[in-house]
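Predicted, not measured: the structure shown is a model, and the values here were computed from it.
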Amino acid sequence: YEEIVSTAKACKAKFLAFSISECQKSESNTGILYNLRNDLDRDIEIAIGGAGAVNGISGITYFGNFSDYYDWIANK
């Protein structure tokens, strides 16, 4: 987690995208994603998808399918 935050800041990332496995516990992922969103500048976009991704986290874009994610990333 700390490595993601420090690297995103050091590289001046414009966005981060994560694919979350269904093998991960959603409660743990949700907490980490909330913290990540709070620890990064709001101008860094965060996108998530995958079978373990949870929709509805404020400030994080959720993709329920790869096609929508592809369209989003292709426009960055």
Side-chain angles (χ1 to χ4, degrees):
Y1 170 83
E2 291 86 13
E3 292 168 347
I4 293 170
V5 172
S6 63
T7 301
K9 289 179 179 181
C11 294
K12 298 179 181 166
K14 295 183 186 210
F15 66 90
L16 300 174
F18 300 96
S19 178
I20 302 172
S21 169
E22 66 184 334
C23 296
Q24 297 294 315
K25 295 183 180 184
S26 62
E27 310 84 45
S28 174
N29 291 337
T30 301
I32 290 169
L33 289 167
Y34 274 117
N35 291 338
L36 189 63
R37 176 69 286 163
N38 289 330
D39 289 343
L40 293 171
D41 293 335
R42 286 285 172 173
D43 59 340
I44 299 175
E45 295 182 67
I46 300 174
I48 60 171
V54 176
N55 192 5
I57 301 172
S58 180
I60 297 180
T61 302
Y62 168 83
F63 293 102
N65 63 67
F66 188 78
S67 178
D68 290 343
Y69 166 72
Y70 179 85
D71 291 343
W72 179 81
I73 198 112
N75 290 307
K76 294 295 167 197

| task | State whether the side chain of Ser6 and the backbone N or O of Glu3 hold a donor-acceptor pair below 3.5 Å, judged by distance alone. | result | yes
| field | Side chain proximity check, Asn29 to Phe18, heavy atoms < 4.5 angstrom | value | no
| said: Here's a test for you: under side-chain contact (heavy atoms from CB on, under 4.5 Å), which of Ile46, Ile32, Leu16 qualifies with Arg37? | reply: Ile46
| request: May I have all residue pairs that pass side-chain hydrogen bond (donor to acceptor under 3.5 Å, both in side chains) and include part of residues 45-58, sequence neighbours excluded? | output: Glu45-Lys76
| query | With side chains defined as the heavy atoms from C-beta onward, is the minimum distance between Tyr34 and Ile57 less than 4.5 Å? | reply | yes
| note | For Ala51 and Glu22 the tightest heavy-atom approach is CB-CB, 3.6 Å
| Can you name the closest pair of heavy atoms from Gly50 and Ser19 and give their distance? | CA-OG, 4.2 Å
Going by atom type alone, with no hydrogens or angles, which donor-acceptor pairs under 3.5 Å involve a side-chain atom of residues 63-74 and a protein atom two or more places apart or on another chain?
| from | atom 1 | to | atom 2 | distance (Å) |
| --- | --- | --- | --- | --- |
| Asn65 | OD1 | Ser67 | N | 3.2 |
| Asn65 | OD1 | Asp68 | N | 2.7 |
| Asn65 | ND2 | Asp68 | OD2 | 3.1 |

| message | Which residues pass the side-chain hydrogen bond (donor to acceptor under 3.5 Å, both in side chains) test with Asp39, not counting sequence neighbours? | response | Tyr1
| message | Can you tell me how far apart CD1 (Ile44) and CG (Leu36) are? Round to the nearest 0.5 Å. | response | 8.5 Å
| said: I need the full list of salt bridge (charged side-chain N to carboxylate O under 4.0 Å, His left out) pairs touching residues 7-19, with sequence neighbours left out, sorted by first then second residue. | reply: none
| Is the closest side-chain heavy-atom distance between Leu33 and Ile20 below 4.5 Å? | yes
